[in-house]
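Okay, structure first, notes after.
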Number of protein chains: 2
Amino acid sequence: MTTTIRGGQLARLLGQWHSLPGRHRSPDYAALAGAVRGLLSDGRLPLGVRMPAERELAESLGISRTTVSAAYRALRESDHLTSRRGAGSWTTLPSGHRVATSGLWAAGDDLDMIDLGVAASGAPLELVPAARAAADDLPRYLGTAGYHPTGLVELREAVAELYTGRGVTTSPEQILITAGTQQALDLVVRLCVPPGSPVLVEAPTYPNALAALSSRRARINTHGIDPAFGWDGEMLLGALRQTKPRLTYVIPEFHNPTGHLMAADLRERLVATAHSAGTELVVDESFVDLALDVDEMPPPVAVFDRHSRVVSIGGMSKAYWGGLRIGWVRASAPLVQRLAAIRVGVDLASPVLEQLVAVRLLRQSSQIVAARRAQLRDRRAALIAALGEHLPEWTFAMPPGGLTLWAELDGPISSALARAAEDVGVRLAPGPRFGLDGTMERFLRLPFTLAPDDLAEAVRRIASVRHDLDRGARPEWRTPSVIA
Amino acid sequence: MTTTIRGGQLARLLGQWHSLPGRHRSPDYAALAGAVRGLLSDGRLPLGVRMPAERELAESLGISRTTVSAAYRALRESDHLTSRRGAGSWTTLPSGHRVATSGLWAAGDDLDMIDLGVAASGAPLELVPAARAAADDLPRYLGTAGYHPTGLVELREAVAELYTGRGVTTSPEQILITAGTQQALDLVVRLCVPPGSPVLVEAPTYPNALAALSSRRARINTHGIDPAFGWDGEMLLGALRQTKPRLTYVIPEFHNPTGHLMAADLRERLVATAHSAGTELVVDESFVDLALDVDEMPPPVAVFDRHSRVVSIGGMSKAYWGGLRIGWVRASAPLVQRLAAIRVGVDLASPVLEQLVAVRLLRQSSQIVAARRAQLRDRRAALIAALGEHLPEWTFAMPPGGLTLWAELDGPISSALARAAEDVGVRLAPGPRFGLDGTMERFLRLPFTLAPDDLAEAVRRIASVRHDLDRGARPEWRTPSVIA
């Protein structure tokens, strides 16, 4: 509604718009409008952004103003832009579309859609009995107003025990219960990142982490993760020393999206360097329970923390169920109190019943997590088999855990492929969603969280449109109704 | 951690620190340190703020630097400040204290504390059966990842029906489910208020609304509500025309804290003026179900909205239970989609089970709300009787609904009284918490949400310390350990 994107910024986002796959035979204005729709549909250009003036964008792209005018007109006709005289034009949501669970836009009717945009599984069998038992636990909380800004003490104790069990002694006062890992990150960013200050994240990284940082207007620097080999220790520590970020965000266990696991020695050096660079080190442990072929897990990053530099965040969305919305922060007790004070202005506290369900589930953690791992191994095998059969030209490093595989495609086609796949009922989060500057067009994140048959069917459908893209037969920029 | 307060700002917050009640006989430095502790304990000076340099504060207060140095030293000794050479001093949380449910700091051990800081009741009897039934409703959601960024459609339908029943036709597409009314406000502020832009709120108003606006660095303007008569229509509309705020926040039904109900004709003029001033009108309907002596409720503000200027927010914390954390936004369908897109970067979605409980409770709304109203009438009567007996010099307008009474005290003693009351086991949210500039020292919000006996006992305790304040016998600035 209020953010303005400048012509140069939009031009960078648009990148090679005039030579994208599928562009054949459409006029320049239609290709430009289509490229803008693509940015909107994969979330890189947000809703409610004020677009640059036509003249400014024309200059930035080095094309005629007439072409830009025609493109804006086409975008207005397809409800992707709204203009008001004298006030400019804003990006809007076409009617009949909605925000999907992946944070991407989606067509309203999607009963047959296979959603590979979300890396999360269905709930464990233990959930319904745990919910019933939690209902029976409720009465002792009902006499109070029900607000517990740091979380129910019994859940904080259960989470503290998880950390102690992993080798880093933790007291309940060091735990803040949050509405999922995403809120844990959002609260830490609100506390620790003044607007405009530098932060460091991996590239690729989790798109919603970028969203939390962008909404705080942080200056985001990235350090690249090699798709095959993971972190380059020297480069990571060098980036830390050089950019002296206010906050550094890493996913050391089964990194999202690449699946890599950070070695113990790099963890130790990372903490030491974070301390000397004066950065808060935020460690996202969302996937730590999901080791699939690892003999021995490296110690948690917090083991190496001697100066309260490490803020660990985690939650139950991945090994248990996303529909629970239970996460946490592990930090020093004073920081936990400060985060709780911020949370009072955000949403006050987490629901009591949900926390009681979480306590019940954590008591059965070994059984639930073991079943989840077995399920994920099967699904990973099914996905890899389907890729080998239908898309053998794609390559990837075998992820030793987590939920996703980071495939290198046979061309810079990720966004075009995601748009084409919508037509055949597969939702994808294209590579550029996991970076900042549109450089991930050769990559695609493929979660192995759905049932084996669905994964196989999804890969078959993707392969079919992949081959259509080459033939250039799909006039995809001309049919705004199918872009979502 | 990163916000800096300037000397002049802190001086304004401190106000008449050198002549506050209870100040007798303590040296200047101790009185100054005590006043800072008071600001910290009642939330007006946040945690993690960088304090002005000693010299700067001395100049702003017109006192010697030695006095400021001694006060900072005393604050460090009581763990209210942490200093690092070359980097300054920050406000911190004394050990053994925690964030209370009211967002105020509280001593760790408070078993006998009567909490009048929170205006919320215990849960209705129907909650446990609803939770059990919701557990049985869960299975049909368990096959999916569990993320529903706009909310479960059955809950959105139930909330839309509430609005339609109140006379403003509403479709489920116009409803976003949130984690309580506070998150509804926070999301709207994130979308509609660019940092630094002007907003308009009532004075007094809900402290956590001020927190949401401050965290966005909005420029907050206020229009005063008369304790006896409520809104002055001409002044309110004049303030709107004059300040042209980006967003206006009002609580028209049983305003928090004063309890006033806005008349229908002012609602209509407010919407028209908001439209011509170009402001988003955010209407907090948290208390709308809690009419206690009203023959006929005025229509919802949204009835008068012809230009999508009105964003209604509400939730189940007040008439049902705060521990549920279920609220909502009612707005245009496109705005709902944009808010959902923002929420993906905040906390993704609300928990599924909690939403199913809410659906079950809303089906029994007439019964639950009727019982709540009867309970509140009894409690209001008990509070008023106790005030008449023990503190007859305090005055107030009888609130026709809601949860709170806004008492005018017999002096500018609200903060001092709140600190003294902690000693005798009563937590109060003092008047200045409901405003911006410390001008509400003559007022105190008293919720009538606890059991009649607790309310009577709380008033007895408050009356006892009220009389002590006059005698000036309490050396309260000298004992930092009791300030919380």
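Every chain is numbered from 1 and lettered A, B, ... according to where its sequence line falls, protein lines coming before strand lines.
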- Query: Is the side chain of Q182(B) donor-acceptor paired with the backbone N or O of G345(A) at a distance under 3.5 Å, no angle test?
  - Reply: yes
Side chain, backbone, both or neither: which part of [X] has a non-hydrogen atom closer than 4.5 Å to chain B?
X	answer
S121(A)	backbone
D186(A)	side chain
T181(A)	neither
V189(A)	neither

Gap separating the [atom1] atom of [X] from the [atom2] atom of [Y], nearest 0.5 angstrom:
X	Y	atom1	atom2	result
L353(B)	L356(A)	CG	CG	10.5 Å
D136(B)	R132(A)	CG	CZ	4.5 Å
S215(A)	R216(B)	OG	CZ	7.0 Å

Considering only heavy atoms from C-beta outward, does the side chain of V128(B) approach that of P139(A) to under 4.5 Å? yes
I'd like to check P195(A) versus P195(B) (side-chain heavy atoms, cut-off strictly below 4.5 Å). Are they in contact?
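When only atoms from C-beta onward are counted, P195(B) and P195(A) do not touch, as no gap falls below 4.5 Å.
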List in chain and number order the residues that pass salt bridge (charged side-chain N to carboxylate O under 4.0 Å, His left out) with R156(B), two or more places apart in sequence or in another chain; answer none if no residue qualifies.
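Checked R156(B) against salt bridge (charged side-chain N to carboxylate O under 4.0 Å, His left out); zero matches.
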Of the non-hydrogen atoms in A145(B) and V118(A), which two are nearest, and what is the gap between them?
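Scanning both residues completely, I find the closest heavy atoms to be CB-CG1, 3.8 Å.
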As an exercise: rank G122(A), A134(A), A179(A) by heavy-atom pairs under 4.5 Å with chain B and give me the winner.
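Of the options given, most contacts go to G122(A).
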Of V357(B), L142(B), L127(B), the largest count of non-hydrogen pairs under 4.5 angstrom with chain A goes to L142(B)
Counting heavy-atom pairs under 4.5 angstrom with chain A, the leader among P207(B), A211(B), A130(B), A349(B) is A349(B)
Filtered by a 4.5 Å non-hydrogen cutoff, the part of residues 316-325 of chain B contacting chain A is S317(B), K318(B), W321(B), G322(B), G323(B), L324(B), R325(B)
